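Some notes on the structure that comes next.
In the text below, chain A, chain B and the rest are named by the order of the sequence lines, each starting its count at 1. Quick caveat: nothing in here was measured; it's all calculated off a predicted structure.
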There are 2 protein chains.
Amino acid sequence: MNLRTTAILGAGGWGTALAVLWARKGHDVSLWGHTPSRIEAIRGRRENSDYLRGIRLSESIRLTSDLKDCAGAELIVFVTPSIALRSVAARFRETLGDHQAVLLSCTKGIEHGTGKRMSEILVEYFPAHPIAVLSGPNLAVEIARELPTASVLDCSEPEYAPILQDHLATARFRIYTSDDVAGIELGGALKNIFAIAAGAGDGLGLGDNSKAALVTRALAEMIRLGATMGGALPTFYGLSGAGDLILTCFSQHSRNRRVGEQLGRGNSVEQITSSMQMVAEGIPTAKSAYECARRLKIDTPIIDQVYALLYEGKSASQALEELLRREQKAERL
Amino acid sequence: MNLRTTAILGAGGWGTALAVLWARKGHDVSLWGHTPSRIEAIRGRRENSDYLRGIRLSESIRLTSDLKDCAGAELIVFVTPSIALRSVAARFRETLGDHQAVLLSCTKGIEHGTGKRMSEILVEYFPAHPIAVLSGPNLAVEIARELPTASVLDCSEPEYAPILQDHLATARFRIYTSDDVAGIELGGALKNIFAIAAGAGDGLGLGDNSKAALVTRALAEMIRLGATMGGALPTFYGLSGAGDLILTCFSQHSRNRRVGEQLGRGNSVEQITSSMQMVAEGIPTAKSAYECARRLKIDTPIIDQVYALLYEGKSASQALEELLRREQKAERL
């Protein structure tokens with residue numbers, strides 16, 4: 001299979017950064033966005049000023065809000081918000097028909113109700129297609145600025161993993177292959193929940209000692225839940241697990257951390273989300289992960305507090321206080 | 001054994017913060033420093049303005065530069081720079097004589113030449129005494145400001161671990177017990193080396209994506225070397241391993257990260273150390289760890305680059321470039 005043409009479905013910051021990255025590498029790239037007026041604005045300015053300010057989109061990137069324009073691509077990249085993935089997949093299935101293509105999910109989330117990973121949703125609609133996933137400590141803006149970055153990739157048909165690695169990596173965007181689709185996706189999804197907790201600590205002014213302790217416990221919690229949901233331990237300790245968790249909890253650019261910071265300062269979830277252009281995936285993922293943990297009977301104290309903070313009106317100070325005051329005993333991960 | 005009186009040997013930022021912490025808890029605390037003029041200055045201002053500015057030392061903390069004043073204490077805390085620990089231990093042995101006391105090392109380092117951990121040096125001089133260690137993501141200034149903090153403790157005589165935990169913890173300074181003296185010490189020592197590498201990336205403006213990738217690889221390298229040197233895996237994944245590593249690589253307050261940042265900006269090691277009041281333990285520890293890794297035949301690419309940066313005149317840009325351009329392959333930790 002050739003991979004001459006790439007369609008990127010989702011024109012947020014991450015989708016736009018990937019379009020810029022791969023267009024620079026010489027790929028034939030289309031970038032699809034849901035909202036025609038937004039796509040028009042990007043086409044006019046050659047800049048996605050809502051999501052990735054200051055980065056020029058070259059003329060070679062085709063911008064479209066019509067999924068039909070993407071039907072002929074040989075690599076289809078899903079980078080929609082997690083709550084939109086199923087509907088985009090359903091619509092795109094009609095468009096794609098029998099055309100052979102490799103699918104790649106770069107969306108980080110877990111579906112409400114079903115507890116499904118993004119690639120598990122895709123496989124419902126595209127059971128005959130190879131489905132790959134890519135995740136890691138990857139701030140979109142740094143990739144667009146060609147700062148060195150590493151990511152992890154695996155594919156439902158393992159022989160595609162090294163092919164995609166060669167095709168998608170650059171000198172500045174390194175890709176490591178894996179053999180753990182589930183672990184890659186779960187690390188990328190769960191870390192956003194923990195970033196909200198870490199950000200809440202920032203907003204409350206609790207300092208770096210407690211944040212480092214929280215992130216350490218978060219890694220253990222990611223592993224407890226993630227391993228039960230099908231991921232492998234080494235993946236969680238790698239770039240797409242610990243690496244992405246660290247980045248998201250500490251970087252000033254992380255939107256999930258910023259949501260937590262606003263909560264820590266006493267703003268309500270409604271205030272925060274209504275003032276944000278971007279989707280903070282930790283908000284829906286906290287609900288999905290909380291549901292999964294209850295169903296699987298896994299102890300998830302941090303996820304539980306973030307869930308209470310987001311969905312039960314608990315205050316950030318009370319949630320963090322309860323986390324930090326847990327019984328002092330032997331260290332157990 | 002009672003633990004009514006505590007002597008803290010070493011009046012840097014960390015020793016001073018511990019004195020403040022335990023004096024607030026009502027302990028009878030003496031703080032010993034090597035340099036009489038510095039101790040005089042602290043006594044005069046009730047502030048250690050060189051190392052812990054803005055924190056008041058209560059009148060109850062006895063300040064001394066005479067080790068004899070510490071000989072009667074029931075808990076002796078070693079918080080000297082790692083290169084001074086052996087000489088202070090040798091001198092203190094003469095002073096202590098047969099007096100029963102629990103020793104606690106809070107110094108983070110590995111001895112040149114011998115490759116010994118700090119508690120292994122202490123056991124040479126005090127073979128009949130219980131020797132405990134305490135380490136974790138513990139910025140001194142945050143402890144002094146009573147921000148929430150967690151740390152890990154173990155003792156050569158395990159029955160002392162819960163006793164010390166009760167004695168030394170506060171509502172804001174949580175202590176978890178462990179059964180791995182070596183792992184606690186090795187995590188605390190090795191992370192300072194990796195913080196220099198992370199700081200060098202900061203100084204070069206390489207961004208957070210690459211820092212998160214570096215820290216992920218650093219954790220794997222800490223474990224490869226640290227496990228061979230006697231530490232246990234769960235310890236490295238805990239507060240005193242991953243937790244302290246994350247803190248030291250990301251916090252603006254970390255002095256080892258700052259040393260790396262200065263190197264990344266093109267300053268020489270000599271320029272940096274001559275302008276710093278404080279000891280950056282990563283500098284001597286890089287040499288010790290490099291020696292240990294060669295002797296034990298462990299692959300330590302990050303430590304090797306930090307060693308070359310500090311001791312062989314390699315530039316930060318070349319060292320980081322070589323780290324980030326390693327062969328792209330399957331993720332292997």
Next on the checklist: Does any backbone or side-chain atom of A:Ile143 lie under 4.5 Å from a heavy atom of chain B? Answer side chain, backbone, both or neither.
Outcome noted: both
Checklist entry - Rounded to the nearest 0.5 Å, how far does CG of B:Asn138 lie from CG of A:Asp208? => result 12.0 Å
Checklist entry - Does atom CZ of A:Arg145 have more than 12 heavy-atom neighbours from other groups under 6.0 Å away? => result no
Checklist entry - Looking only at heavy atoms, which two atoms of B:Pro137 and A:Ala212 are closest? And how far apart? => result CB-CB, 3.6 Å
Item to check | Atom pair CD (A:Glu142) and OG (B:Ser210), whose distance is rounded to the nearest 0.5 Å | outcome: 6.5 Å
Checklist entry - Would a distance-only check, ignoring hydrogens and angles, find a side-chain to backbone donor-acceptor pair under 3.5 Å from B:Asn209 to A:Leu139? => result yes
Next on the checklist: What I'd like to find out is whether the side chain of B:Phe250 reaches to under 4.5 Å of the side chain of A:Ile246, using heavy atoms alone.
Outcome noted: yes
Checklist entry - Going from OH on A:Tyr237 to OG1 on B:Thr216, what distance comes out if it is rounded to the nearest 0.5 angstrom? => result 13.0 Å
Next on the checklist: Out of the candidates A:Leu324, A:Leu204, A:Leu320, only one should pair with B:Pro148 under the side-chain contact (heavy atoms from CB on, under 4.5 Å) rule; please name it.
Outcome noted: A:Leu324
Item to check | Reported CZ-to-CZ distance for the pair A:Arg325 and B:Arg172, which is rounded to 0.5 angstrom | outcome: 6.0 Å
